[in-house]
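Worksheet: one structure, shown below.
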Amino acid sequence: MKKKNILGALLLSSVMFVGCAEDEIVMNTSDAKVGFATSEYTVKESDGIIQIPINVTGEQNGAVDIVLKVEEYGNNPAKQNVNYFLTDNTLRISAEDKTISAEFSLADDEEINEARTFVVKIESANGATIDESANACIVTIKDNDANFYEKLGGKWKLTAGATSYDATITIYGESNPKYEKEMILGFALQGVNLQFTMNYSFDIASKKITLTMPTGELLAEGLNFGAPLGVCDAYSCIIKGNNLSFDTLEWEVSEDIKSITIKEEGLGLAAALFEAGTENFTGYTWFNLSNPVLSK
């Protein structure tokens with residue numbers, strides 16, 4: 001009996017709800033403009049659902065309806081219903097909210113590609129005029145499958161012969177102009193923290209990572225080695241046999257990104273010692289890492 005009463009109540013509620021009239025929508029009649037809050041928007045394809053804000057400016061005493069349209073854009077355009085999906089192209093902005101977001105869901109594929117772009121525009125508006133200076137937003141979808149830069153960051157083991165060191169590769173954040181361009185290899189030797197700049201590049205066609213290390217950088221200054229050297233400054237350099245150079249050192253990264261080695265066999269990473277504050281080479285090196293290997 002109790003179950004029948006509940007079903008009857010539910011049915012009655014349903015009938016009563018269907019019988020209710022919708023509130024009348026009052027459209028804006030004041031002087032208002034509608035436009036995107038930003039002209040450019042960058043996301044990663046792994047971000048899932050994204051929201052691009054749209055604002056109403058000026059006087060608003062009622063609702064504003066807008067219709068959106070999307071277009072391919074740039075040299076590597078993103079395609080609608082393939083690379084992204086627009087949730088709804090018709091939006092209503094209430095007088096209370098004064099803002100709304102265009103919602104998109106992104107397709108996260110496994111393809112390595114250049115960043116894709118598309119543009120979303122306000123095609124028409126009811127209750128406001130379109131702000132032509134804010135009528136479009138260019139959306140850039142960055143690929144996450146080729147972001148090996150971030151995979152290189154973290155803890156590594158640096159081995160040279162029978163000696164090993166705890167090393168770290170430090171990467172820059174996305175807001176830094178050095179992001180996906182530079183990283184820092186660091187490790188400690190005899191209580192001194194050493195840092196080496198490594199330049200990063202990735203070729204999508206060959207799917208190859210290139211790391212280059214400029215040498216001739218100051219590693220440490222004011223190191224006291226005692227007689228006969230005294231106080232010296234140490235600079236990074238390449239060593240091959242008995243020869244030193246300040247050339248660029250090229251490194252190779254394994255396909256699984258778990259090993260980094262010097263490209264040319266027989267080269268080592270060393271520190272040339274100069275008399276402190278001068279350009280006078282002492283003829284000595286502080287350390288010589290022969291055929292160093294970084295591994296995870």
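It should be emphasised that the depicted structure is a prediction, and the values quoted were computed from it without experimental measurement.
For the pair F148 and V253, the minimum side-chain heavy-atom distance is 4.5 Å or more. Under the 4.5 Å side-chain criterion, counting only non-hydrogen atoms from C-beta, M213 is not in contact with N199. Side-chain contact between L223 and D233 is absent, with no heavy-atom pair separated by less than 4.5 Å. F196 is listed as a side-chain neighbour of S236, based on a closest heavy-atom distance under 4.5 Å. Looking only at side-chain heavy atoms (C-beta outward), W251 and T210 stay at 4.5 Å or farther from each other. A 4.5 Å side-chain heavy-atom check between W286 and L189 finds at least one atom pair inside the cut-off. No side-chain heavy atom of T159 sits less than 4.5 Å from a side-chain heavy atom of P292. With contacts defined as side-chain heavy-atom distances shorter than 4.5 Å, the pair V119/V70 does not qualify.
Counting heavy-atom neighbours within 6.0 Å of Y284 OH, excluding the residue itself, gives a total of 12 or less. No more than 12 heavy atoms of other residues, nucleotides or ligands shown are found within 6.0 angstrom of CD on E59. Heavy atoms of other residues, nucleotides or ligands lying less than 6.0 angstrom from NZ of K240 number 12 at most. Applying the 6.0 Å contact sphere to CD of E174 captures more than 12 heavy atoms from other residues, nucleotides or ligands. The number of heavy atoms from other shown groups lying within 6.0 Å of OH (Y73) does not exceed 12.
To the nearest 0.5 Å, atoms CD1 (I100) and CD1 (I52) are separated by 13.0 Å. Here the CG-CD1 distance, from N126 to I25, works out to 11.5 Å after rounding to the nearest 0.5 Å. Here CG of L152 is found 7.0 Å from NZ of K296. Values are rounded to the nearest 0.5 Å. From C137, atom SG reaches atom CD1 of I122 across 10.0 Å, with rounding to the nearest 0.5 Å. The structure places CG of N28 at 10.5 Å from CD1 of I93, a figure rounded to the nearest 0.5 Å. We find the SG-CD distance between C237 and E217 to be 12.0 Å, quoted to the nearest 0.5 Å.
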**Prompt:** Can you check side chain to side chain contact (heavy atoms under 4.5 Å, CB included) on I130 and E123, steps first, answer last?
**Reply:** CA-CA 9 Å; I130 299 173; E123 185 174 35; over 6 Å; no
**Request:** Under the salt bridge (Lys or Arg N to Asp or Glu O under 4.0 Å) rule, what do R92 and D65 come out as? Steps first, then yes or no, please.
**Result:** CA-CA 4 Å; R92 173 165 289 161; D65 287 348; 2.7 Å; yes
**Check against side chain to side chain contact (heavy atoms under 4.5 Å, CB included), T261 and S259** = CA-CA 7 Å; T261 57; S259 177; 4.0 Å; yes
**Message:** With side chain to side chain contact (heavy atoms under 4.5 Å, CB included) as the criterion, how do L185 and Q195 come out once you've worked through the C-alpha distance, each side chain's angles and the decisive distance to 0.1 Å?
**Reply:** CA-CA 6 Å; L185 169 64; Q195 292 189 335; over 6 Å; no
**Item:** salt bridge (Lys or Arg N to Asp or Glu O under 4.0 Å) assessment of K79 paired with E72
**Value:** CA-CA 6 Å; K79 298 183 182 299; E72 296 181 6; 3.3 Å; yes
**Request:** Verify side chain to side chain contact (heavy atoms under 4.5 Å, CB included) between K157 and L294, making sure each step is shown before the conclusion.
**Result:** CA-CA 6 Å; K157 182 70 71 174; L294 286 160; over 6 Å; no
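Smallest separation of non-hydrogen atoms from I54 and L91: CD1-CD1, 4.2 Å. Scanning both residues, E250 and T212, for their nearest heavy atoms gives CG-CG2, 4.1 Å. The two atoms that bring S245 and T215 nearest to each other are O-OG1, 4.0 Å, heavy atoms only. Pairing each heavy atom of I141 with each of A78, the nearest pair is CD1-CB, 4.1 Å. Scanning all heavy atoms of the two residues, the minimum distance from A270 to N288 falls at CB-CA, 4.2 Å. Nearest heavy-atom pair, S94 versus Q60, reported as atom, atom and distance to 0.1 Å: O-NE2, 3.2 Å.
Checked for salt-bridge contact, K44 and E150 meet the test: a charged N lies under 4.0 Å from a carboxylate O. A salt bridge links D109 with R116: at least one charged nitrogen is closer than 4.0 Å to a carboxylate oxygen. Between K121 and E71 there is a salt bridge, since at least one side-chain N of the basic residue sits less than 4.0 Å from a carboxylate O of the acidic one.
Cluster membership check: F202 shares its hydrophobic cluster with I260, using side-chain heavy-atom separations under 4.5 Å among Ile, Leu, Val, Met, Phe, Trp and Tyr. Connection of L244 to L249 is not established within any shared hydrophobic cluster, with ILVMFWY side chains joined at heavy-atom distances below 4.5 Å, either directly or through further cluster members. Connection of V293 to L289 is not established within any shared hydrophobic cluster, with ILVMFWY side chains joined at heavy-atom distances below 4.5 Å, either directly or through further cluster members. The same ILVMFWY cluster, assembled from side-chain heavy atoms under 4.5 Å apart, contains both I239 and F281. Connection of V231 to L219 is not established within any shared hydrophobic cluster, with ILVMFWY side chains joined at heavy-atom distances below 4.5 Å, either directly or through further cluster members.
Among the candidates D166, V192, L194, the single residue satisfying the side-chain contact (heavy atoms from CB on, under 4.5 Å) test with F187 is L194. Exactly one of N280, T278, L273, N224 qualifies for a side-chain contact (heavy atoms from CB on, under 4.5 Å) with C232. That residue is L273.
Between the side chain of T38 and the main chain of E40, a donor-acceptor pair closer than 3.5 Å is present. At least one donor-acceptor pair closer than 3.5 Å links the side chain of N76 to the backbone N or O of E114. Under the 3.5 Å distance criterion, the side-chain polar atoms of N61 are matched with a main-chain donor or acceptor of T29. A donor-acceptor contact shorter than 3.5 Å is absent between the side chain of D131 and the backbone of K33. Between the side chain of Y149 and the main chain of Y172, a donor-acceptor pair closer than 3.5 Å is present. The closest donor-acceptor contact from the side chain of Y41 to the backbone of Q51 lies under 3.5 Å.
Ring to ring, F85 and F104 are not that close: their centroids are 6.0 angstrom or more apart. For Y200 and Y179, the gap between ring centers reaches or exceeds 6.0 Å.
For N55 and T99, the side-chain atoms include at least one donor-acceptor pair closer than 3.5 Å. Looking only at atom types and distance, the side chain of E275 has no donor-acceptor partner in the side chain of T282 under 3.5 Å away.
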